[in-house]
Amino acid sequence: MRGADDLSQPARLVAGNWKMNGASGALREAHALAEALSQAPAACRVALFPPALLIHRMAEQVAGSSVQVGAQDCHAESDGAYTGDLSAEMLHEAGARLVILGHSERRTGYRESDADVTAKVEAALRGGLEPVVCVGETLEQRDAGRALDVVAVQLQGSLPDSLDGHPFAVAYEPIWAIGTGRTPTVEQVEVVHGRIHALLAARFASGAAIPVLYGGSVKPSNAAELLHARGVDGALVGGASLKAADFLPIVRAA
Ligand code: 13P
C-alpha cells in the first residue's frame with residue numbers, strides 16, 4: 001500500500017455498501033472481516049458502510065483493525081430543523097470516517113442533483129469525513145452513446161473545487177449494473193475510468209492520487225477481472241459485501 005503522503009498514485013480501496021440491510025446481528029460479519037484481516041492484512045484499504053444506526057457499534061467492534069466505517073449519506077448542513085437527517089459531524093462522532101455521496105439510489109429516489117451532492121461533499125469535508133462520490137449512467141443513456149458525457153457532467157457538477165488536496169474517492173457505478181448481475185465489459189470499464197482519471201487530473205492538483213472505484217454487481221467470481229482493469233483502483237460493493245465470506249475474496253482480489 002502506498003504511504004499516505006504519496007500523491008503519485010491512488011490508494012486502493014474496497015468498500016462495502018450495505019444499503020438498508022443488516023440488523024444488529026449482521027455486526028458479526030464486520031467482526032469476521034476484521035478478524036480475517038488482522039490475521040492476513042489486506043493489500044488495500046477496506047471500509048464498510050452500514051445503515052447509520054449500526055455505525056457506532058460497528059466502529060467500536062472493528063476498532064484497532066484495518067477496517068474503516070463509513071456512512072451512506074449526510075445532510076448538507078451541520079445541524080438545524082431537518083427532521084430525520086444526520087449531519088457529517090454527527091456521523092463522525094458516531095465513528096464514521098468516510099461517506100458515500102451521490103449514490104444513484106439517492107439521485108433517483110430523492111432527486112439529488114449534482115448541486116445537492118456538491119453541498120454534501122462540502123459538508124463532509126467540514127465534518128471530517130472522506131467523501132466517496134458516485135457517478136454513473138442509465139442503460140438508456142449508455143445505449144444512446146452518452147455514457148461518457150453523462151459521467152463527465154455528473155463528475156464536474158458533483159465535486160467542489162475545495163476538494164483539492166483532501167482525500168476523496170470517486171465511484172463509477174453504471175446504474176444498469178447495480179443489483180442486476182450484469183456488468184460492463186472490462187473495455188467499457190476502462191474507457192469510463194480513463195475519462196474520469198483524465199478529468200480529475202485536469203481539475204485537481206492531487207488528481208493522480210484520487211482512487212476511482214468500480215461498482216455494480218461485483219462478486220467473488222468477477223472481482224479480479226474488474227479490479228485489475230486499467231484505471232480501476234478498487235470497488236464499491238453492494239450485495240456481496242453483506243457476508244464476510246463473500247466480501248473477503250473481493251478484498252483479497254484487489
Ligand atoms: P451491487 O454490488 O449489489 O450491484 O450494488 C452496487 C452498489 O450500488 C454499491 O454502492
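Counting starts at 1 for both ligands and their atoms, following the listed order. Quick note: residue numbers are just sequence positions, from 1.
A distance-only check finds a donor-acceptor pair linking the side chain of E190 to the backbone of R230 [under 3.5 Å]. Using modelled atom types, no side-chain atom of Q156 and backbone atom of V153 make a donor-acceptor pair closer than 3.5 Å.
Contact of the V132 side chain with the L101 side chain is not registered, since no non-hydrogen atoms from C-beta on lie closer than 4.5 Å.
Only the side chain of N17 comes within contact range of ligand 1, with a heavy atom under 4.0 Å; no backbone atom does. Contacts between A177 and ligand 1, counted as non-hydrogen atom pairs separated by less than 4.0 Å, involve the backbone only. With a 4.0 Å cut-off on non-hydrogen atoms, H103 touches ligand 1 through its side chain and not its backbone.
Any N or O atom pair closer than 3.5 Å counts here, and G239 shares at least one such pair with ligand 1. Between I178 and ligand 1, no pair of N/O atoms sits closer than 3.5 Å.
Electrostatic pairing of R146 and E140 does not count as a salt bridge here, judged by no charged N lying under 4.0 Å from a carboxylate O. By the 4.0 Å N-to-carboxylate-O rule, R45 lies close enough to E130 to be salt-bridged with it.
Put simply, no part of G215 is less than 4.0 Å from ligand 1, judged by heavy atoms. The closest approach between A240 and ligand 1 stays at or above 4.0 Å for every heavy atom of the residue. Assignment of K19 to the shell around ligand 1 is supported, since a heavy atom sits closer than 4.0 Å.
Of all protein heavy atoms, the one closest to atom 9 (C) of ligand 1 is E173 OE2, 2.9 Å. Annotation: atom 2 (O) of ligand 1 to nearest protein heavy atom, G238 N, 2.9 Å. Among all non-hydrogen protein atoms, the one lying nearest atom 4 (O) of ligand 1 is G179 N, 2.6 Å.
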| Pair S206-D164, side chain to side chain donor-acceptor pair (under 3.5 Å): steps then yes or no | CA-CA 6 Å; S206 57; D164 208 5; 3.0 Å; yes
| Candidate pair H197 and D233, rule side chain to side chain donor-acceptor pair (under 3.5 Å), full reasoning | CA-CA 11 Å; H197 276 295; D233 308 306; 3.1 Å; yes
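Residues meeting the ring-ring contact (aromatic ring centres under 6.0 Å, His included) test with F247, sequence neighbours left out: none. By the ring-ring contact (aromatic ring centres under 6.0 Å, His included) test, H75 is found to be paired with Y82, residues two or more places apart in sequence or in another chain being considered.
Within the listing of ligand 1, atoms 9 (C), 10 (O) sit less than 4.0 angstrom from a heavy atom of L236. Near G216, meaning under 4.0 Å from one of its heavy atoms, ligand 1 places the atoms 4 (O), 6 (C).
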